[in-house]
Amino acid sequence: MRRHIHLILFGLLVLLSSCSTTKFVPQDKYLLRKMRVKVETPQDDKKNKEKADEAKNKDRNGDYTSEALADKMANYVRQKQNSEIFGFWPLQLQVYSSAGRDTTKWINRQMMKMGEAPEIFDPSLADASMVEIKKAMFNKGYFNALVDTTMRIKKQKLYLTYHITSREPYYIRSYAVRLDQPVLQRIAKSEKTTLVHEGMQFDSEVLDEERDRITRAMRAMGYYYFEKDYLHYEADSANNSHEVVLSLRLQDYVANAPDSLRERLFTRFFIRKVHFYSDYDPSQRPDGLSVTTVEKDGYTFSFCGKKLIRDRVLRRICPIRPGSYYNALRVEKAYSELNALAPVKFVDIAFEEVAGDSLDCHIVISRSKLNSISAEIEGTYSAGDWGISAGAGYSNRNFFKGAEEFNINGAFSYEWRRLGGRAIEAKAEASIRFPNAPKVSVGYKFQNRPDEFTRTVANASLSYNLQPFGRQLSHTFHFFDLSYVYLPWISDAFRNQFLQPSNLLRYSYEDHFILDWSYGGRWSNYRKRYPYRSYGTFSYQVETAGNLLYGISHLFKQQPDEDGSFKIFNIRYSQYVKGDFDFTGHHILSPKHRIVYHGSIGIAVPYGNASSIPFEKRYFAGGANSVRGWTARTLGPGGYHGADGTIAYNNQVGDIKLDLNIEYRWKVWSILELAAFTDAGNVWTIRDYPTQQWGVFKFDEFYKQIAWSYGVGVRLDFSFFVFRVDFGVKLYDPSRLYIDGTQWRTVPNGLCWKDDMTFHFAIGYPF
């Protein structure tokens, strides 16, 4: 099977590479095979680099290196080569070229649709690109930059290079703020916040950012009519000095405007009233519509039919207040806070001038769908066991008329086990989230494994999500998360294997409490307005459990049991600390191509009242979001190998986890996306447990126990969700390291080869 797959893949590669990429290029034209931008800049010289480092804008020096300039100038090139995989392989062009010329045939049309037509070199676009590049270099302070091109032609393929000689840039010799309005002058001259300094390299992007900064500050102070375009710069340069005398002024049409107009532009406006409109827009109200209006303390609430959200909730959430000065930052925050409310579909905010220095704020709120029901059903297959699961849920986004989001869901699964017996699992959870307040949730889970145990888990938690306005970092606090694990029945065989006095893992299968507290954060520099800019996401969480109960035990001078543990209500409780760190980076090659790399590490350490981590809190490896050559809970810990090669889910967990993934994603067309990936990772135990041989983490051994797999995937992106199928193949299997030395899975080895391949069906991306 594996050998056949290799042969098929090799054959496809040979077929594609043999196709001429100039097949559809007209005889008198050329394929633009490669486009490059090269920049030579004085900053690359040591002397000029030292001069740039002495400039006050040290945080922007990286913008002027030859590499950074080449990347920026490439954005102004009007024509680029066909997209490439891994920066050198024009796969989509080869797919297109593999099609036949007869477009009446379905297969040829599909190959062309999947591929990418050859990019025919256009000299006029090259000339236009040179003009745009020179303008862009001028704006970066290179007033005398030279732009030229060189071309190399080989077998109807053209290799184009844009050569840019920047010459010495211009610097700001002096900077003067000449604004006759006192507040505006003070904001513009602020040494702490200004972006323009004497000695910095002239850069129109920085100058434009400075106008933005001043405008934001003015509009945050109540100057409602102030606009960025009212400001402009005057620059004079002396010959051969490469220095610019720069001044910031008001536009002539503002500076010379009548006194009445200037007074209006520089008047601080305050908010007289705030009007909320629910379920209708007053500017488009149809005749005969029945509207109820309530007015109190400068607020007016108008709504049709039943009130959507209680008045005091809107007053508390909205930062725009009657009697306060207009503040553009508060307007942005109002959009963010109101749109975040569960029953709100969208918000529109407008202002109306009602007097010489006052505004009325009109906020139109459109309701979202308040109630929704969901259901799902799926089949499962794992290690020869077939199963089916079904779930349903109900959501109310305005439960108490105060934008509270109530959710309740349940699921039931049934599994036919090949070794006999039936496994049943049922769970239910209910939660309610209050706006700008904690979320309360309760849950219950029941498991019945006839050859192992029956277990129930009851859970209650109180959590709070904090997303500071305008910040990239969000926070999640779990003030408490209480779980009670109860095992009313355990089979004799399972008890003999896992619950012997010498086995420290037995505590995971005894009745116990888990009372933990955790804090987590998530940071991302993704921006919707720059969808094709590379970005990253970092998250972390720290969790600790049992400290409060341990303190209570000592406060009341409770005596430990024979095994040295303390109990509450005669039930043992867990004590541990746990930390998780996760990073995902998206390197955008083009709108259709990206490389995604991911890494995560976690560690959990038992202490005090616990000798092991509860089973529910331990890590597992493998599965659709981990090392995809293995199914979930079948990898590790370390070099662990189940008896007779069987999978032991209860033993294949650990206290340390490592995941490393790289994935190439290619948007073929419409909803279809392909992927190629490689994964590495495993789990390990903190302590050396007899039932998990070769599972303990050792610095001189763990690197030999990192599993490695590779594979391909198909994804269907329906915008609102992504359906994913991944095919993973084991490359390095640490469970064979100490058994037969066949850990490298590169050559078929008997019937066990079928266990080296895994399919995963999932919703959403793996990371």
Evaluation steps, salt bridge (Lys or Arg N to Asp or Glu O under 4.0 Å), between R219 and E332:
CA-CA 12 Å; R219 290 179 62 81; E332 293 180 21; over 6 Å; no
Shortest non-hydrogen separation from Y335 to V347 and the atoms involved:
CE2-O, 3.3 Å
With a 4.5 Å cut-off on side-chain heavy atoms, are F346 and L338 touching?
no
Does N398 use its side chain to pair, donor to acceptor, with the backbone of A403 at less than 3.5 Å?
yes
So, R715 side chain and R665 main chain: donor-acceptor pair closer than 3.5 Å or not?
no
If I take atom CG from residue D348 and atom CG from residue N339, how far apart are they, to the nearest 0.5 angstrom?
10.0 Å
Please state whether the rings of Y225 and F269 are parallel, tilted or perpendicular, taking 30° and 60° as the class boundaries.
perpendicular
Okay, side chain of R321, backbone of R315: is any donor-acceptor separation there less than 3.5 Å?
yes
More than 12 non-hydrogen atoms from neighbouring residues, nucleotides or ligands closer than 6.0 Å to NZ on K307, yes or no?
yes
Parallel, tilted or perpendicular, judged at 30° and 60°: which one describes the rings of F266 and Y223?
perpendicular
Counting distance only, does the side-chain N/O of N525 pair as donor-acceptor with the main-chain N or O of G536 below 3.5 Å?
yes
With side chains defined as the heavy atoms from C-beta onward, is the minimum distance between S324 and R330 less than 4.5 Å?
yes
State whether the side chain of R397 and the backbone N or O of K369 hold a donor-acceptor pair below 3.5 Å, judged by distance alone.
yes
Closest non-hydrogen contact found for L125 with R78 is O-CB, 3.8 Å
Is the shortest side-chain heavy-atom distance between F351 and I271 below 4.5 Å?
yes
Could you walk me through whether E295 and K273 pass the salt bridge (Lys or Arg N to Asp or Glu O under 4.0 Å) check?
CA-CA 10 Å; E295 187 170 355; K273 290 185 177 181; 3.0 Å; yes
Below 4.5 Å, heavy atoms only, C-beta onward: do H275 and E352 meet side chain to side chain?
no
What is the minimum heavy-atom distance between T584 and H598, and which atoms define it?
OG1-CD2, 3.2 Å
Measuring from atom CG of L462 to atom CH2 of W517, what distance do you get when rounded to the nearest 0.5 angstrom?
13.0 Å
Would one find more than 12 heavy atoms of other residues, nucleotides or ligands at under 6.0 Å from atom CD1 of I662?
no
Just wondering, do L231 and L250 contact through their side chains at under 4.5 Å, heavy atoms?
yes
Nearest 0.5 Å please: distance from the CG atom of L314 over to the CD1 atom of I309.
5.0 Å
Straight-line distance of F303 CZ to L308 CG, nearest 0.5 Å
10.5 Å
Would you check if D717 and K667 make a side-chain contact, meaning some heavy-atom pair closer than 4.5 Å?
yes
Under a 3.5 Å threshold, yes or no: a donor from one side chain and an acceptor from the other, between H232 and D252?
no
Minimum heavy-atom distance between P766 and R628, given as atom pair plus value
CG-NH1, 3.6 Å
Could you tell me whether a side-chain N or O of N459 sits under 3.5 Å from a main-chain N or O of G443, the two making a donor and an acceptor?
no
Check whether the ring centres of F477 and Y519 lie less than 6.0 Å apart, and answer yes or no.
yes
Which heavy atom in F412 sits nearest to a heavy atom in A426, and how many Å separate them?
CD1-CB, 3.9 Å
Can you tell me if NZ on K80 sees more than 12 non-hydrogen neighbours from other groups inside 6.0 Å?
yes
How many angstroms lie between atom CZ of R316 and atom CG of N436, to the nearest 0.5 angstrom?
6.0 Å
Mutual orientation of the aromatic rings belonging to F226 and Y230 [parallel < 30°, tilted 30-60°, perpendicular > 60°]
perpendicular
So, does E210 use its side chain to make a donor-acceptor pair with the main chain of L195 at under 3.5 Å?
yes
Stepwise, does the salt bridge (Lys or Arg N to Asp or Glu O under 4.0 Å) test hold for K578 with D516?
CA-CA 10 Å; K578 184 178 181 182; D516 65 53; over 6 Å; no
Verify side chain to side chain contact (heavy atoms under 4.5 Å, CB included) between V291 and C304, making sure each step is shown before the conclusion.
CA-CA 5 Å; V291 178; C304 300; 4.1 Å; yes
So V274 and T300, side chain to side chain contact (heavy atoms under 4.5 Å, CB included) or not? Walk me through it.
CA-CA 6 Å; V274 177; T300 300; over 6 Å; no
Within a reach of under 6.0 Å around CD of E263, are more than 12 heavy atoms found that belong to other residues, nucleotides or ligands?
no
Relative to each other, are the rings of Y326 and Y224 parallel, tilted or perpendicular (30° and 60° limits)?
perpendicular
Side chain H593, main chain S83, donor-acceptor under 3.5 Å:
no
Main-chain N/O of D580 paired to Q541 side chain as donor or acceptor, under 3.5 Å:
no
When you compare the side chain of I763 with that of F723, does any pair of heavy atoms fall below 4.5 Å?
yes
Pairwise side-chain contact, F399 with I432, heavy-atom cut-off 4.5 Å (strictly under)
yes
Nearest non-hydrogen partners of A217 and I187, listed with the distance:
CB-CG2, 3.7 Å
With rounding to the nearest 0.5 angstrom, report the NZ to CZ distance, K228 to R213.
13.0 Å
Trace of the side chain to side chain contact (heavy atoms under 4.5 Å, CB included) decision for Y526 with T537:
CA-CA 8 Å; Y526 173 75; T537 300; 5.7 Å; no
Side-chain H-bond candidate by donor/acceptor type, Y277 with H362, under 3.5 Å
yes
Chi angles and distances behind the side chain to side chain contact (heavy atoms under 4.5 Å, CB included) call for F583, I601
CA-CA 9 Å; F583 176 77; I601 186 172; over 6 Å; no
For a side chain to side chain donor-acceptor pair (under 3.5 Å) with S461, tell me which candidate from S431, S518, S441, S483 qualifies.
S441
May I ask you to check whether N625 and R724 show a side-chain donor-acceptor distance below 3.5 Å?
yes
Answer yes if the side chains of Y394 and N396 hold a donor-acceptor pair under 3.5 Å, and no otherwise.
yes
Between Y233 and S204, is there a donor-acceptor pair closer than 3.5 Å when you use the side chain of the first and the backbone of the second?
no
For E116, is there an ion pair with K592 - N to carboxylate O distance below 4.0 angstrom?
no
Salt bridge between K445 and E616, side-chain N to carboxylate O under 4.0 Å?
no
